[in-house]
Structure formats: structure tokens, C-alpha cells
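Take a look at the structure below.
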Amino acid sequence: MTRRPFIGGNWKMNTDLASGAALAQALATESADRSAPLDVVVFPPFPYLQSVGRLLSASAIALGAQDLSSEANGALTGEVSAEMLTDLGVTWVLVGHSERRHRLGESDALVAEKLAMALESGLSVVLCVGETLEQRKSGCAHEVVAKQLESALQRLSADFAREIVIAYEPVWAIGTGVAATADDAREAHQEIRAVATSRYDSKLASGIRIVYGGSLVPGNARTIFAEPGVDGGLVGGASLKAGDFLSICSAATIGITAG
Ligand code: 13P
């Protein structure tokens, strides 16, 4: 099955209004080609969504948010609802990023609620999973990722499941400069697809896009994207430089093979 490559740029808690706008403008100018065979999404911080969205509106790059509330609305100080995001033209959202799981204490149950809220609200989702270094060293990386995924998919209908993008982001590779090897990435992606197969079926699982995240840079993107079953990437640090991000996008259009 052919899967359309996906590249996301997760700006995390970086940029300010001026530099975020400059980055968005550079991306919009440099990626005017709407026929490129991939989905590109940037995920700026909440306060800059509207201005970045305006700058990207004539480009092929979609607007994403880094998180959403599991609740629809109400007395939840500081939270941002799915409806508020769609109101701003946001079409994608990250759910379950490891920084939210590990630094901000999000449980598997909360991630599943956010996933359901996002999809029921019409947002497209990148669901993030990945093991820590300790979990990897103790030999339970695959179990950890499988559990995160099973919990998220437990109550998810097949119709919603086939729409999601899953990001495999090993925590030890995020922001460290040490990306997973191509072999590690391929193996983890195979395991993830196997979990989706046992939850649904192989036809559905073979259509789900699974992307890699963790210290992706122009220098390693092509090698990782060349692995069968790696359908693109979720980029952190390198997404803050327009040239690097676009070069990773180009690597995805050239190097991805479905498998
Ligand atoms: P880095 O690319 O900075 O390692 O971050 C990856 C990531 O967490 C993307 O969501």
C-alpha cells in the first residue's frame, strides 16, 4: 500500500512572535509547490497559531497545535479546546508527546481521551509514542510502546484509526543529537504496525502512516526515511531552521518506500 509521506515540524516552546512569523514566511515562500507528494505540517506554540496560520494560508503547509484539552469547554484555566483550535484554522494536533507524558505527567488514559476529543472534533492527529532510555536499557522498549499504543487505540473505531499518523519518538533520541539507527527505527515501526494489525487488521494497519522523530537532521533523514515502513518524520530542533526543515521535507519526497 502506498502511504503519503508526512513531515511535521514541532516548534515546541520556541520562537517569539517575530521569529515565528519569519520562519513561517520563509517556509511559505520556499514551499510554494502545492503539488509536492507529501503532507507538511508545522506545530507552533499556541499564542502564535493565528499569525503563523495567516502566513501559511496560501501555502501547502498545514497548521497544527502541540496539544489540546480532553474536555470540550468549561472551567479549565489555561486549557485550549479542540473547538478553539479549529476556529483558528488548525487542522492537525499532536497528542501524547513524550514531553507531555514524562515532564507534565500525562497518563495513557488522558492521552486516549485527548485522541478521541481531537478526532471527534475533526482534527487530524499525530499520536506520539516512545520509550525512555531506562526502559530501553532494561529491554522493555517494545512492551512500553505497545502498551502506549494499545491504550490509545483501545476504544478507537477503525474509521478513526485509519486516519491517524503515529510518531515513534524514542525519548532518548529527542533533542540529544543521537538519532535512532535506521535498523532501530525500522524494527520499532514494524512492531507498531504489528500492534495496529492485531487491534484492527493488516489491511487497515498497512494504511496507517508511521513516522520517526528524534534528532532528525538533513544529514540523517534520507537514511532513516529509506527504511521500509518509515513514512516520514516529526522534527523538533531542525524545524526551527527553514532550510533544514525543507531539506528534510525533500528527503521524504525522494527517499520513502512503503513497506
Ligand atoms: P528533536 O528533533 O529536537 O530531537 O525533537 C524531536 C521531537 O520531539 C519532535 O516532536
Side-chain angles (χ1 to χ4, degrees), residues 5-15 19-20 23 27 38-46 48-49 52 61-68 90 92-106 111 114-115 118 123-133 135-136 141 144-145 148-149 152 164-182 184-185 188-189 192 209-225 227 230-252 255:
F6 175 97
I7 298 289
N10 177 7
W11 295 4
K12 308 194 180 185
M13 198 168 69
N14 293 301
T15 70
S19 63
L23 178 54
L27 293 175
L38 84 167
D39 289 334
V40 181
V41 186
V42 293
F43 299 86
F46 284 136
Y48 309 141
L49 281 170
V52 169
I61 302 175
L63 185 65
Q66 297 173 18
D67 185 36
L68 83 167
V90 169
W92 284 86
V93 66
L94 300 180
V95 171
H97 192 279
S98 73
E99 285 145 17
R100 300 205 62 85
R101 290 178 188 267
H102 297 295
R103 296 190 58 186
L104 299 164
E106 281 194 8
V111 170
K114 289 185 173 193
L115 178 63
L123 288 162
S124 300
V125 173
V126 179
L127 170 68
C128 306
V129 295
E131 79 286 358
T132 64
L133 186 58
Q135 290 163 336
R136 187 172 189 82
V144 168
V145 170
Q148 289 173 344
L149 206 53
I164 64 174
V165 170
I166 298 171
Y168 170 61
E169 298 206 296
V171 180
W172 46 269
I174 295 179
T176 58
V178 183
T181 63
D184 285 342
H189 284 224
I192 287 170
R209 290 178 288 179
I210 306 175
V211 303
Y212 168 80
S215 296
L216 265 178
V217 289
N220 61 20
R222 243 179 116 170
T223 311
I224 292 177
F225 295 162
E227 288 300 323
V230 178
D231 303 314
L234 187 56
V235 188
S239 72
L240 298 171
K241 292 185 196 138
D244 285 0
F245 185 63
L246 292 168
S247 126
I248 293 171
C249 291
S250 303

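Values below: every heavy atom of this structure, side chains too, minus hydrogens, waters and symmetry copies. For ligands, and for the atoms within them, numbers begin at 1 and follow the listed sequence.
- The only member of L216, L240, V40 that meets side chain to side chain contact (heavy atoms under 4.5 Å, CB included) when paired with F245 is V40.
- Between Y168 and H189, the ring planes lie perpendicular to each other; the angle is over 60°, past the 30° to 60° tilted range.
- Contact annotation: the side chain of C128 approaches that of L234 to within less than 4.5 Å [non-hydrogen atoms, C-beta and beyond].
- Scanning the protein heavy atoms around atom 3 (O) of ligand 1, the nearest turns out to be G237 N, 2.8 Å.
- Side-chain contact between K114 and D67: present, with at least one pair of heavy atoms (C-beta onward) separated by less than 4.5 Å.
- Residue-ligand proximity, A173 to ligand 1, at heavy-atom distances under 4.0 Å covers atoms 4 (O).
- Short contacts between ligand 1 and N10, defined as distances under 4.0 Å to a heavy atom of the residue, involve ligand atoms 9 (C), 10 (O).
- Look at A238 and you'll find every heavy atom at least 4.0 Å from all atoms of ligand 1.
- Using a 4.0 angstrom heavy-atom cutoff, C128 does not count as in contact with ligand 1.
- Short contacts between ligand 1 and G214, defined as distances under 4.0 Å to a heavy atom of the residue, involve ligand atoms 4 (O), 6 (C).
- Screening E106, R103, E169 for a side-chain hydrogen bond (donor to acceptor under 3.5 Å, both in side chains) with H97, the sole residue that qualifies is E169.
- Within the 4.5 Å cutoff, no side-chain heavy atoms of T223 are placed close to those of T181.
- Residue-to-ligand polar distances keep E99 apart from ligand 1: every N/O pair is separated by 3.5 Å or more.
- In this structure, the protein non-hydrogen atom closest to atom 9 (C) of ligand 1 is E169 OE2, 2.8 Å.
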Begin from the C-alpha positions of V111 and L127 and carry the test side-chain contact (heavy atoms from CB on, under 4.5 Å) through to its verdict. CA-CA 9 Å; V111 170; L127 170 68; 3.8 Å; yes
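- If you number the atoms of ligand 1 from 1 as listed, the ones under 4.0 Å from a heavy atom of K12 come out as 5 (O), 6 (C), 7 (C), 8 (O).
- Under a 4.0 Å criterion applied to the non-hydrogen atoms of H97, ligand 1 contributes the atoms 7 (C), 8 (O), 9 (C), 10 (O).
- When the options G8, G175, G236 are ranked by their closest heavy atom to atom 4 (O) of ligand 1, first place goes to G175.
- The contact set between ligand 1 and L234, taken as ligand atoms under 4.0 Å from a residue heavy atom, comprises 9 (C), 10 (O).
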Between R101 and V171, is the side-chain contact (heavy atoms from CB on, under 4.5 Å) condition met? List the steps. CA-CA 10 Å; R101 290 178 188 267; V171 180; over 6 Å; no
